[in-house]
Amino acid sequence: MSTPSQAEVRRSIAAAGTIVVKVGSSSLTQPSGHLDPAKLDALAAALAQVRLMGGRVVLVSSGAIAAGFGPLGFDSRPADVATQQATAAVGQGLLMARYETAFGRFGIRVGQILITAEDTIRATQYRNVQRTLDRLLDLGVVPIINENDSLASNEIRFGDNDRLSALIANLVRAEALVLLTDVDALYTAPPSQPGSRRVEYVPNVIDALGDITVSGSGSKVGTGGMVTKLEAARVAAVSGIPTVLTCASNAGPAMMGDPVGTVFAPVKARGSSRRLWIGFAAEPRGTIMVDAGAAAAIRGGRASLLAAGALEVHGNFSAGDPVWVDSEDGAHLARGLAGFDSEEIPQMLGRNTAQLKRFLGPEYAHPLVHRDNLVLV
Ligand SMILES: Nc1ncnc2c1ncn2[C@@H]1O[C@H](COP(=O)(O)OP(=O)(O)O)[C@@H](O)[C@H]1O
Ligand SMILES: N[C@@H](CCC(=O)OP(=O)(O)O)C(=O)O
C-alpha cells in the first residue's frame, strides 16, 4: 500500500461513513477535576452534526470517575482501586444522564455499552459486542462506550480508553478514529518541554515512534497520556484506519477534515478484526516457550502451536486467556489465546498428538494455541 498524502488522509476522514470518537477525562472536566457540563454539551453538539448528516458515530467516553467523585464528597480523584470502582459506578450513570440530555436536544438517542478487557477477548463476547454495536448504529443510535471500571480486574484492564477505542474502531469497521484530549496535537516532546513542536502528519506511526518523546498523563484526571494514544493510533493504522488526534474543542473541524491536530495515515489495508483484537486487547497472562522447530513453524504464519514443540510454561492462566509464545532465547514470537489452563500444560509438553490421546485422553489431543487464535508480533 503506497503512503497517502496528508490531504488524502484528511479527506478520507471527512468522507468516513462510520467514525469512532474517543474523548478523555481531561476534555470533559474543569481544572478541579469535576465534570464540566459545558464541555460535554459542546462535544455532543459536534457529534450530533455528523450524525444528522448521516454519519454512524460511536463515542468512547471516559469520565465516569470524574463524574462520580464530586457527588460522593471527595475533593479529588480517589487513588485506591476499590474507591475508584465505586466512584465509577456512581459517575457512569451521571455521565450517561448528561449525554442523554445533550444528544436529546438534537433528537438523537444514545445507548450505553460497558466493556471489560477480559470479556472482549472471548469469541462469543466479541461477537455479541459487534452485533449489538452494528444494530445500534443501524437504528441511528450513538453508542457510548466506556470500560466497565466497576468490574474490571486490576490485572486485566485497559485503564485508559485509548486502546479500547482503536479496537472498537476495528470492530465496527470504522473509516476514521478521532482521539480527543486536552492538547491540540501530538508534539515532538511533551508540550511543557521548551522547543517541542507540533506534528501535523504521521505517514507511518510505527516508524515515527522512535522520533517522538511521549510521557504519561499531564492532567489530574487522565491516565494514559500520549503513550496510549500513539498505541491506539498504531492499532488503528494496522487495521487500515486513519486517526486524527486533537483537543475536544477541535472535534468538529477534525471530523470535517480541516488541518487541525495530528493526522495518522493507515499503514495497511484492513485486517481481520478478531486477530487484531487478540493481538492488542489485553496483556498476556503467561508464556509458552517453544523449540526451534515450533518457532519456525509459527513464524511461517500458518501453524498452530502443538504441545510437541512446547518446552516450558510460565504464569497462571485459564484456557482462553492471552499468552505470549516465546522462542528459547526469550524473544516474543506471537500472542495467542491458550487452549488449556496453565496447570494442565506441564504434563503435555513435548508430547505428540498420539501420545496425548493415549496418556492423557482425547480431550488433550488439541493444540496449545490454535492458529486461528495466534497473531505474530
Ligand atoms: N509528545 C507529546 N505531545 C503531546 N502531549 C503529550 C506528549 N507527551 C505527553 N503528553 C501529555 O499527554 C496528555 C494527554 O493525555 P491524558 O492526560 O491521558 O489525556 P486524556 O484524558 O485525554 O486521555 C497531554 O496533556 C500532555 O501533557
Ligand atoms: N474508564 C475511566 C477512564 C479513566 C481515564 O482517565 O481515561 P482517559 O481520560 O481516557 O485517560 C473513567 O471513565 O473514568
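Counting starts at 1 for both ligands and their atoms, in listed order.
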Would you kindly specify which portion of K22 sits under 4.0 Å from ligand 2, judged on non-hydrogen atoms: side chain, backbone, both or neither?
side chain
Mode of [X] contact toward ligand 1 - side chain, backbone, both, neither (heavy atoms, under 4.0 Å):
X    : value
V183 : side chain
A189 : backbone
K22  : side chain

Do [X] and [Y] sit within salt-bridge range, that is, some charged N less than 4.0 Å from a carboxylate O?
X    : Y    : value
R173 : D134 : yes
R10  : D258 : no
K22  : D162 : yes
D160 : K229 : no

N or O contact, [X] vs ligand 2, cut-off under 3.5 Å:
X    : result
D162 : no
G24  : no
V23  : no
S61  : no
D160 : no
K229 : no
A66  : no
D149 : yes

Using a strict 4.0 Å cut-off to heavy atoms of [X], name the atoms of ligand 1 that fall inside it.
X    : answer
S25  : 21 (O)
P191 : 3 (N), 4 (C), 5 (N), 6 (C), 7 (C)
D182 : 13 (C), 14 (C), 24 (C), 25 (O)

Given ring-ring contact (aromatic ring centres under 6.0 Å, His included), test Y364 with F340 step by step and report yes or no.
CA-CA 9 Å; Y364 285 92; F340 294 88; 5.7 Å; yes
I'd like to know if the side chain of T262 and the backbone of V199 have a donor-acceptor N/O pair within less than 3.5 Å.
yes
Whether A185 lies under 4.0 Å from ligand 1, heavy atom
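Yes, that is the case, since the closest heavy atom of the residue is under 4.0 Å from the ligand.
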Does R198, at its CZ atom, have more than 12 non-hydrogen atoms belonging to other residues, nucleotides or ligands within less than 6.0 Å?
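Result for CZ/R198: enclosed.
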Pick from T181, L186, T188: the one approaching atom 22 (O) of ligand 1 most closely through a non-hydrogen atom:
T181
